[in-house]
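Read through the structure below, which is laid out as structure tokens, and then see the notes.
Note that this is a predicted model, so its numbers are computed, not measured. Here is the naming used below: chain letters follow the sequence lines, and residue numbers restart at 1 for every chain. The figures that follow rest on heavy atoms only: side chains count, while hydrogens, waters and symmetry mates do not.
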Amino acid sequence: MSIGKEYKPDEVEAYWVETWGRAETFQAQPDSAASPFCMVIPPPNVTGELHIGHVLVYTLHDIVARWRRMQGRDVLWLPGTDHAGIATQMVVERELAREGRTRADLGREAFERRVWEWKETYGDRINGSLRRLGASVDWTRERFTLDQGLSRAVRTVFVQLYRDGLIYRDRYIVNWCPRCHTALSDLEAVHESESGKLWRIRYVDPTGSPGVVVATTRPETLFGDTAVAVHPDDPRFQAFIGKHVRVPLTDRTVPVVADSFVDPTFGTGAVKITPAHDPNDFHAGRRLNLPQIVALDSHGKMTEAAGSFCGQDRFEARRQVVEALAEAGLLEGVQEHALAVARCQRCSTVVEPHVSDQWFVRVAPLAEPAIQAVESGSIRFVPDNWAKTYFEWMRNIHDWCISRQLWWGHQIPAWHCQQCAAIQVTESAPSTCDRCGGSVVQDPDVLDTWFSSALWPFSTLGWPDKSSDLARYYPTDLLITGHDIIFFWVARMIMMGLRFMGDVPFREVYIHGLVRDAQGQKMSKSKGNTVNPAEVQARYGTDAVRFTMAVLAAPGNDIPLAPERMEGYRAFANKLWNASRFVLLKASTEETAGAVDSCEPPFAERWIRSRLQVVIGEANRSLESYRFDRAAEALYHFVWGEYCDWYIEWVKPDLAEAATPAQRMRARATLVEVLGTALRLLHPFMPFVTAELWRLLPDSPGDVATAPWPTVDPRWIDPAVDAEAILVQEIIAGIRNVRAQSNIEPGLKIEVLLRVRDAEQAAIVARHVDLIRPLARAGSVRVITGELPTAGVARGVVRGVEIAVPLAGLVDVEAERSRLRRDLDKISKEIITRAERLEDPGFCMRAPPAVVEKERLTHRELAARADRLREALSQLDVGGAT
RNA sequence: GGGCGGUUAGCUCAGUUGGUAGAGCACCUGCCUUACACGCAGGGAGUCGCUGGUUCGAGUCCAGCACCGCCCACCA
């Protein structure tokens, strides 16, 4: 076995990606007696690339998966990809555009074939990235939202919901993207605040009165006006209600109607009603039985209804209409006006309210039980404040427009009769119309991508068949996802799961933050601050990237990803590597001895084992509550701050020639055992380096991924030992501090004198002189019972233990004086605050006696120490003078 | 308009039940000490957003304010 000075992630990762990729390590074991633990992956876009946000989610998933697996659970982490309707179609259309073609040139079938080719070509990229991340998914159960099984699930759900009256078709005003040429759901129309204008336009009364001035942000839609509305109680307009006014630039007149939805305080108090181009007006139109006039077509261009403006783009038309109004003397004013513009989530085109035939899910009846499930605790959000967001949305939910005028997706299982226009909704194509016998044609629309995603937790497990996987793994245990898709995905999975499985789709939902850049800015391609996963994995190692994600994943917080953090955890991986290197070099000896068990565990061993139990407990508690950050931090601190910084240093003498064989064996065994446990604890976070090191351990115990998860052995927990070790460590640090502050040559062996507070401390120091001496680079360490010498020494104090290093002639008098003064200053301030507290009768009477007593003791001690410092200072002056 | 978060060291953030403010990074100083310079040792650094209240005692509990962020929304 050879192990280099540097951890080289690329070689190690390549080996393990290969090993884990071909082995069946991560295949679920449905026949095992182990209790199942299931997660479904939030499916990435099949033609997309893994971005840094995926790295976060999948790292968190994998931590849980590996941890649960090591705990002995039968883990199923099910992988798969999403067909991602609009997104994918756009990508392929863009490719076509480069060839100078459109999807219309190809026709639907050829276009669909083209997208499938894309999927075959690029679908593997995402899986390769997932492998390189170390994701321990069950590849034998991989799914795709458009594969046969899932498509059948989609059709089954659609048909059932239709028969239950929860899916309906309506000619309705929807969000329409004129560029993508499809309807969008409310969620896919993203509102952005922009500055616009509010125009005041006069609608004259043909009978002669001045008419009514309306306020609008969209003058170009006036060609679609079919009424002007005012508030029924608005005194300004009483005379006009029921009369007709002329729509500017046209010959049409429309009635002035009264409706209480009009806000008399806004604008002029009168509003034009354009039922075909404004959601509000659409409803008003339905209420008031107004006709619809379509002034804008599905491409956002003016129709013939706009007369001479016909064919113009909507924004151009707006300019020209305003101009024409001004010329006609009908423009009464214009003002700046902040408005929320809805844009297409995919292409940012301004969304147009558009009346068309669409399919909808009646959501309210589905939402009710979904709210219940979270209220009752059947589903738990982590952190739980996300439940509020969920409730807020669910309680105000609107029907969901699920039809898209796209070609890539699940075609709606509805057939239209070409003769009688009857609609049949069935899972497979009927041969003829069941009403008139005419020929039928399938509805051309496809379903919103999120429709199939909503079924993911059960469709992937075999539903609608009663598969054994479904029986064993549904409900899944945990869903990990971002808050940005709580409405898109989480809520809908809950509704569909409850409806079709009669049970929740998952018991817990962990909501992670968004990955941002080091300055906390949102990452975006346009800002150029994105982080490429493959790049950082190559630079820092996958384990470092993963560990960074884990340690930054504080619940409720976004993840500011700074390169320095990844550098830091690359160093940690290297530290672990080198600590292991030390252990392995010491352990790979020919020496064998049997007497290990018979000798008492030395103090350092008792300490590190005690600390180990504590960190195991901490890791467990943290993981149970999804505090990935705490678990990672605890492990980092244990490995680096305790195992490496103290235990390895303390144990070195036991490994030396001068030690007994039994001491050496004991030390080696402990080093290996504690390291092995640390490797197992770290494995979920840093799978590669831990797997490699575990493989190199003596007697090569197999794959760490299937090694048992450590459990706390309470017999080793010893708070007294912990406390004792802390005192010893602080004394060492105190001596080092004296050395550094007094500019004592690093290599020089010094004499150390200690004045302790009590017999207990004296005993502790006496017991551990051998632990103090080498780390303090001291030739001798002596406990003095009387006063410490005040002249010719460098001194310090820690936890009531006063330290003096006699160094005749070597003491830097100036440095020592300023140091003593600083100490005295600090202590004096502390004495004052404590004295004030003790003089406060309120404190003495009301605070618990123990607290008061402790305060009094500390005060006395500090005062005594201040005296000694003053003494030392005066002596220093005397000594310095000589 | 409604809702949800946040404000603690130069940066990013921890701070469990109120009891002398922490970590990582950055910074300064000294060390190639025989696992590791991706390292070792030491150090400096904070009016815990503001104002009031409860309390012997508030970063922590309460109220108000300020600023910042996010989400939802059919006020033209």
Both His191(A) and Phe582(A) contact RNA chain B. Taking the nearest nucleotide for each, which residue is further toward the 5' end?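 On the 5' side of the pair lies Phe582(A).
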Map Arg627(A) and Tyr643(A) onto RNA chain B by nearest heavy atom, then report which one ends up closer to the 5' terminus.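 Comparing both residues, the 5'-ward one is Arg627(A).
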How long is the gap from [atom1] on [X] to [atom2] on [Y], to the nearest 0.5 Å?
X: Arg581(A); Y: Lys586(A); atom1: CZ; atom2: NZ; answer: 11.0 Å
X: Arg492(A); Y: Trp400(A); atom1: CZ; atom2: CH2; answer: 4.0 Å
X: Trp640(A); Y: Leu576(A); atom1: CH2; atom2: CG; answer: 10.5 Å
X: His398(A); Y: Leu187(A); atom1: NE2; atom2: CG; answer: 10.5 Å

Just compare rG15(B), rC75(B), rC36(B) and give me whichever is closest to any side-chain atom of Lys5(A).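 In terms of side-chain proximity for Lys5(A), the closest of rG15(B), rC75(B), rC36(B) is rC36(B).
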Given rC74(B), rC36(B), rA76(B), the nucleotide with the shortest approach to the side chain of Pro279(A):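 Side chain of Pro279(A) sits closest to rC74(B).
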Polar atom pairs between nucleotides 39-42 of chain B and protein, under 3.5 Å, N or O only, would you list them?
| unit_1 | atom_1 | unit_2 | atom_2 | d |
| --- | --- | --- | --- | --- |
| rG39(B) | O3' | Lys575(A) | NZ | 3.0 |
| rC40(B) | OP1 | Lys575(A) | NZ | 2.7 |
| rC40(B) | OP1 | Trp640(A) | NE1 | 2.7 |
| rG42(B) | O3' | Asn737(A) | ND2 | 3.1 |
| rG42(B) | O2' | Gln741(A) | NE2 | 3.4 |

Same-atom distance ([atom1]) from [N] to [M], integer angstrom:
N: rC72(B); M: rC13(B); atom1: C1'; answer: 28 Å
N: rG22(B); M: rU16(B); atom1: P; answer: 14 Å
N: rU55(B); M: rG49(B); atom1: C1'; answer: 23 Å
N: rC11(B); M: rG2(B); atom1: P; answer: 34 Å

Side-chain N or O of His337(A) versus OP1/OP2 of rA76(B): is the shortest distance under 4.0 Å?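 The answer is yes; a side-chain N or O of His337(A) sits under 4.0 Å from OP1 or OP2.
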Centroid-to-centroid, Phe360(A) to Tyr172(A), below 6.0 Å?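 Yes, they do, as the ring centres are separated by less than 6.0 Å.
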Salt bridge present between [X] and [Y] (N-O < 4.0 angstrom):
X: Glu220(A); Y: Arg218(A); result: yes
X: Arg630(A); Y: Glu618(A); result: no
X: Glu194(A); Y: Arg343(A); result: yes
X: Glu624(A); Y: Arg621(A); result: no
X: Lys652(A); Y: Glu649(A); result: yes

Give [X] one of three labels, base, sugar-phosphate or nothing, depending on what nucleic acid heavy atoms sit under 4.0 Å from its own.
X: Lys652(A); result: base
X: Arg200(A); result: nothing
X: Arg739(A); result: nothing
X: Glu839(A); result: nothing
X: Arg581(A); result: sugar-phosphate
X: Phe487(A); result: sugar-phosphate
X: Ala562(A); result: nothing
X: Thr389(A); result: nothing

Residues Glu392(A) and Thr389(A): side-chain donor-acceptor under 3.5 angstrom: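 No.
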Using a cutoff of under 3.5 Å, can you pull out all pairs of nitrogen or oxygen atoms linking the protein to nucleotides 55-58 of chain B, with atom names and distances?
| unit_1 | atom_1 | unit_2 | atom_2 | d |
| --- | --- | --- | --- | --- |
| rC56(B) | OP1 | Arg846(A) | NE | 3.2 |
| rC56(B) | OP1 | Arg846(A) | NH1 | 2.0 |
| rC56(B) | O4' | Gly842(A) | O | 3.1 |
| rC56(B) | O2' | Asp840(A) | OD2 | 3.1 |

The test is ring-ring contact (aromatic ring centres under 6.0 Å, His included); show your working for Tyr569(A) and Tyr636(A) and say whether it passes. CA-CA 9 Å; Tyr569(A) 297 117; Tyr636(A) 178 93; 5.5 Å; yes
Whenever both distances are under 3.5 Å in a Watson-Crick or G-U wobble pair, mark it; put RNA chain B into dot-bracket that way, with [ ] for crossing pairs and | when the partner is on another strand. (((((((..((((.....[..)))).(((((.......))))).....(((((..]....))))))))))))....
Between Phe381(A) and Tyr390(A), is the ring-ring contact (aromatic ring centres under 6.0 Å, His included) condition met? List the steps. CA-CA 9 Å; Phe381(A) 275 84; Tyr390(A) 170 83; 5.3 Å; yes
Can you name the atoms? Protein N/O to nucleotides 5-12 of chain B N/O, anything below 3.5 Å, with the distance.
| unit_1 | atom_1 | unit_2 | atom_2 | d |
| --- | --- | --- | --- | --- |
| rG5(B) | OP1 | Lys388(A) | NZ | 3.3 |

Tabulate atom names and distances for all N/O pairs under 3.5 angstrom spanning the protein and nucleotides 45-47 of chain B.
none

Any N or O donor-acceptor pair under 3.5 Å from the base of rA37(B) to the side chain of Glu6(A)?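 There is none.
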What integer distance in Å separates Arg516(A):CZ from rG69(B):C1'?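 Interatomic distance, CZ of Arg516(A) to C1' of rG69(B): 8 Å.
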Contacts to RNA chain B from residues 218-229 of chain A, heavy-atom cutoff under 4.0 Å, which residues?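 Heavy-atom cutoff 4.0 Å gives no residues at all.
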Is there side-chain contact between Ile201(A) and Tyr203(A), with at least one heavy-atom pair below 4.5 Å?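 In contact.
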Got a sec: does the CZ of Arg846(A) have more than 12 other heavy atoms crowding it under 6.0 Å?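 It does not: Arg846(A) CZ has 12 such atoms or fewer within range.
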